[in-house]
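The block underneath contains the structure these notes are about, expressed in structure tokens.
Just the heavy atoms: all of them, side chains too, but no hydrogens, waters or symmetry mates, feed the values below. Naming: A, B, ... by sequence-line order, numbering from 1 per chain.
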2 protein chains.
Amino acid sequence: MAYHNHHSHADCIRLVPIFNHLNDEQMHLIAQSANEVQYVKNELLFRFGDKDDTLYIINNGRVRIYSLSESGREQTIRILHPGDFMGEVAVLQTEGYHSNYAEAISETSICRIHKKDLDQYLDRYPEIMRRILSDITKRLQLSEKQTVQVSIEPVEARIIDFLSENVEDEKNHTYVTLPMSKKDLATYLGTTPETISRKFSSLEERGLIKRHTQKCIEIFDLDELLFVSS
Amino acid sequence: MAYHNHHSHADCIRLVPIFNHLNDEQMHLIAQSANEVQYVKNELLFRFGDKDDTLYIINNGRVRIYSLSESGREQTIRILHPGDFMGEVAVLQTEGYHSNYAEAISETSICRIHKKDLDQYLDRYPEIMRRILSDITKRLQLSEKQTVQVSIEPVEARIIDFLSENVEDEKNHTYVTLPMSKKDLATYLGTTPETISRKFSSLEERGLIKRHTQKCIEIFDLDELLFVSS
DNA sequence: CGCCTAGTTGAAATTCGTCAAACCCTGTGG
DNA sequence: CCACAGGGTTTGACGAATTTCAACTAGGCG
């Protein structure tokens with residue numbers, strides 16, 4: 001169960017790009033009106049249709065935003081990391097309702113700020129609004145890209161694209177550490193675990209990748225992989 | 001070819017929700033720094049990768065924003081109508097590049113405002129930024145919805161959903177006037193013209209709709225239609 | 001009136017999801 | 001330390017939905 005902590009949250013505020021340009025005094029002021037909440041793994045922060053008027057800031061852990069279709073299939077929309085915020089819909093519109101589900105995918109601590117408090121800060125420090133706007137604009141771009149991918153790229157190209165965005169290099173080996181289970185990856189890429197699994201097998205058979213463990217995949221030739229996908 | 005008109009554009013500014021809360025004098029000031037450009041049907045306003053630092057406001061006509069996949073397939077992202085704006089990516093980030101294509105789908109006149117001018121107005125009238133933020137937030141919601149639909153709802157459900165969002169009522173007849181060609185509708189719904197055509201035929205055979213002209217479709221029972229799609 | 005593009009229809013091919021079974025990894029409790 | 005349970009993962013077989021290719025038709029504009 002979520003538990004509330006009413007101690008100092010300056011860390012939380014200091015962490016967030018939308019606030020971290022403020023000076024200590026200003027941040028302290030904002031921290032006053034934030035309250036911290038803890039969630040355990042798999043706990044829901046809110047669900048579709050919930051009425052809410054708070055801004056959520058991730059302090060620690062990770063949160064998954066997803067949506068459900070009529071038929072019950074999930075589409076993961078994004079994963080939030082420490083410093084990210086959400087709930088802007090609720091905050092910017094009077095009478096805001098959540099349009100998605102949010103779930104903690106690990107032990108997570110977040111800060112909540114109520115609309116009425118945030119509104120004051122927005123008036124007093126216009127830079128905050130500028131930064132929120134900048135963040136949301138970036139997300140809009142990402143979301144539009146995701147739409148295009150899910151709609152017109154075949155699954156294999158989506159997987160390759162995802163891999164290429166998560167490569168890490170280590171002493172002439174290129175590999176990817178999957179940041180989530182294949183089950184969740186499937187809902188993120190708009191497909192099913194089975195299809196993900198099959199595509200990985202196919203890529204491995206063709207000598208393009210090698211699966212070391214469930215989460216760690218070696219890529220033999222990234223350029224060739226990207227070439228294959230187009 | 002686009003031609004420039006340097007006369008008064010107060011109309012243009014007055015039209016736009018992000019500015020229309022200002023008084024006459026303020027709007028006049030902004031209109032000073034806007035310049036009007038005309039485009040003919042099918043003319044490109046900008047393309048992916050173009051560097052740009054202007055905000056575009058639709059004065060008249062319609063503009064289609066779309067994206068191209070590796071394989072050359074198009075995905076229509078949205079259609080802009082008079083009063084809508086675009087180019088926020090360019091305006092909010094220094095060094096902004098367009099991430100999509102924009103095409104006039106009818107004779108279109110737009111107003112352009114340069115970043116350096118807009119920035120002044122944003123500082124002077126914070127309400128403008130609030131409204132831009134509100135608009136972009138709504139678009140983000142729509143974009144996320146589009147992602148989910150395209151990825152997990154079958155084509156028929158997407159079509160029905162689209163129809164239901166575009167119904168007009170007129171003396172106990174419910175009908176829809178398609179705001180774009182079926183070709184473009186197909187790229188909007190993430191499918192092909194052939195599939196769109198087949199689904200419409202199927203819906204007509206089942207007595208749910210009737211095609212009067214290419215653009216005008218009568219809906220016999222909206223509730224039943226929505227029921228069928230779930 | 002005729003051309004050109006958009007739209008329609010059919011048949012074949014393909015991708016992908018579903019269902020089912022087997023496997024494997026991890027953590028738990030004996 | 002091992003056995004077991006349970007979820008995630010893999011693989012196969014199958015079928016449904018959709019795309020592709022091709023041919024044909026219809027509507028709009030010169």
Side-chain angles (χ1 to χ4, degrees), chain A residues 40-42 64 68-76 103 105-107 149-160 177-206 209-217 228-229, chain B residues 40-42 64 69-76 103 105-107 148-160 177-205 209-217 228-230:
Chain A
V40 299
K41 189 172 171 178
N42 297 326
R64 180 172 74 102
L68 287 180
S69 75
E70 309 267 351
S71 53
R73 260 177 75 191
E74 284 182 16
Q75 168 74 42
T76 295
E103 169 201 53
I105 54 180
S106 64
E107 192 81 10
Q149 289 213 136
V150 163
S151 127
I152 54 192
E153 305 285 5
V155 173
E156 188 175 288
R158 287 180 240 164
I159 292 176
I160 291 176
T177 306
L178 297 181
M180 54 185 131
S181 68
K182 296 219 178 78
K183 189 168 157 284
D184 286 342
L185 181 60
T187 76
Y188 183 68
L189 297 179
T191 180
T192 60
E194 292 95 325
T195 300
I196 296 268
S197 192
R198 273 185 254 278
K199 294 302 178 188
F200 273 128
S201 300
S202 158
L203 291 172
E204 192 163 21
E205 269 172 31
R206 289 185 271 159
I209 65 169
K210 172 148 182 54
R211 286 177 281 189
H212 287 286
T213 70
Q214 298 285 5
K215 291 276 163 59
C216 180
I217 294 156
V228 165
S229 83
Chain B
V40 299
K41 189 173 171 177
N42 296 326
R64 180 173 76 100
S69 75
E70 309 268 351
S71 53
R73 264 179 74 190
E74 283 181 17
Q75 168 74 42
T76 295
E103 169 201 54
I105 55 179
S106 65
E107 192 82 10
V148 174
Q149 288 212 139
V150 161
S151 126
I152 53 190
E153 305 286 3
V155 173
E156 189 173 287
R158 289 179 238 162
I159 292 176
I160 291 176
T177 306
L178 297 181
M180 54 186 134
S181 67
K182 294 218 180 80
K183 191 166 155 283
D184 287 342
L185 181 60
T187 76
Y188 182 68
L189 297 179
T191 181
T192 59
E194 292 96 326
T195 300
I196 294 271
S197 191
R198 273 184 256 276
K199 295 301 179 190
F200 272 128
S201 300
S202 158
L203 291 172
E204 192 163 21
E205 271 172 31
I209 65 168
K210 172 149 182 54
R211 286 178 283 191
H212 287 285
T213 69
Q214 296 287 4
K215 292 277 164 58
C216 180
I217 294 156
V228 165
S229 82
S230 60

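- In the set D:dT19, C:dC16, D:dT11, D:dT11 carries the atom at the smallest distance from any side-chain atom of A:Arg211.
- Take A:Gln75 and apply the side-chain hydrogen bond (donor to acceptor under 3.5 Å, both in side chains) test, not counting sequence neighbours, and it matches B:Ser151.
- The nearest whole Å value for the distance from the NE2 atom in B:His212 to the C1' atom in D:dA26 is 18 Å.
- Residue pairs meeting the salt bridge (charged side-chain N to carboxylate O under 4.0 Å, His left out) criterion with at least one member in residues 182-198 of chain B, sequence neighbours excluded: B:Arg64-B:Asp184.
- Against DNA chain C, the stretch residues 149-156 of chain A makes heavy-atom approaches under 4.0 Å through A:Pro154, A:Val155.
- For the helix from C:dC1-D:dG30 to C:dG30-D:dC1, the axis fitted to the five pairs at one end and the axis fitted to the five pairs at the other end meet at an angle of 40° (nearest 10 degrees).
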* Can you give one letter per nucleotide of nucleotides 21-28 of chain C, 5' to 3': B if a protein heavy atom sits under 4.0 Å from the base, S if only from the sugar-phosphate, - if neither? -> --------

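- Across A:Ala186 and A:Pro193, no two heavy atoms sit closer than the pair CB-N, 3.4 Å.
- Of all the residues in residues 189-197 of chain A, A:Gly190, A:Thr191, A:Thr192, A:Glu194, A:Thr195 reach under 4.0 Å from DNA chain C with at least one non-hydrogen atom.
- With sequence neighbours left out, the side chain to side chain contact (heavy atoms under 4.5 Å, CB included) criterion links B:Glu204 to B:Ile209, B:Lys210, B:Arg211.
- Whole-Å rounding puts the B:Asp184 CG to C:dA6 C1' distance at 11 Å.
- Atom OG1 of A:Thr76 and atom CG of A:Leu185 lie 9.0 Å apart (nearest 0.5 Å).
- Checking C:dG7, C:dT18, D:dG8 against every side-chain atom of A:Arg73, the shortest atom distance belongs to C:dT18.
- For A:Glu153, there are no salt bridge (Lys or Arg N to Asp or Glu O under 4.0 Å) partners, not counting sequence neighbours.
- Atom P of nucleotide D:dG6 and atom CG of A:Asn42 are separated by 17 Å, given to the nearest angstrom.
- For the pair B:Glu204 CD and C:dG7 P, the computed distance is 15 Å after rounding to whole Å.
- To the nearest 0.5 Å, atoms OG1 (B:Thr177) and NZ (B:Lys215) are separated by 10.0 Å.
- Applying the salt bridge (Lys or Arg N to Asp or Glu O under 4.0 Å) criterion to B:Glu156, with sequence neighbours excluded, gives B:Arg206.
- With a 4.5 Å cut-off on side-chain heavy atoms, A:Ile196 and A:Leu189 count as touching.
- In this structure, B:Lys215 reaches neither bases nor backbone, as no heavy-atom distance under 4.0 Å exists between it and the strands shown.
- Partners of A:Thr195 according to the side chain to side chain contact (heavy atoms under 4.5 Å, CB included) rule, which considers only residues two or more places apart in sequence or in another chain, are A:Val155, A:Thr191, A:Thr192, A:Lys199.
- Atom C1' of nucleotide C:dT9 and atom CD of B:Glu205 are separated by 11 Å, given to the nearest angstrom.
- Taking the side chain as every heavy atom from C-beta outward, B:His212 and B:Ile217 never approach each other to under 4.5 Å.
- The NZ-P distance, from A:Lys199 to C:dT14, rounds to 13 Å in whole Å.
- Contacts of A:Ser197 classified as side-chain hydrogen bond (donor to acceptor under 3.5 Å, both in side chains), with partners at least two apart in sequence or in another chain: none.
- B:Lys182 has a side-chain polar atom (N or O) that falls below the 4.0 Å cut-off from OP1 or OP2 of C:dT8.
- Residue B:Arg198 is the one, among B:Arg198 and B:Lys41, whose nearest nucleotide of DNA chain D lies closer to the 5' end (criterion: closest heavy atom).
- Taking 4.5 Å as the limit, some side-chain heavy atom of B:Glu103 sits within range of a side-chain heavy atom of B:Asn42.
- Residue-level contact check: B:Ser201 touches the backbone only, with heavy atoms under 4.0 Å from sugar-phosphate atoms and none from bases.
- A search for salt bridge (Lys or Arg N to Asp or Glu O under 4.0 Å) contacts involving A:Arg73 returns nothing, not counting sequence neighbours.
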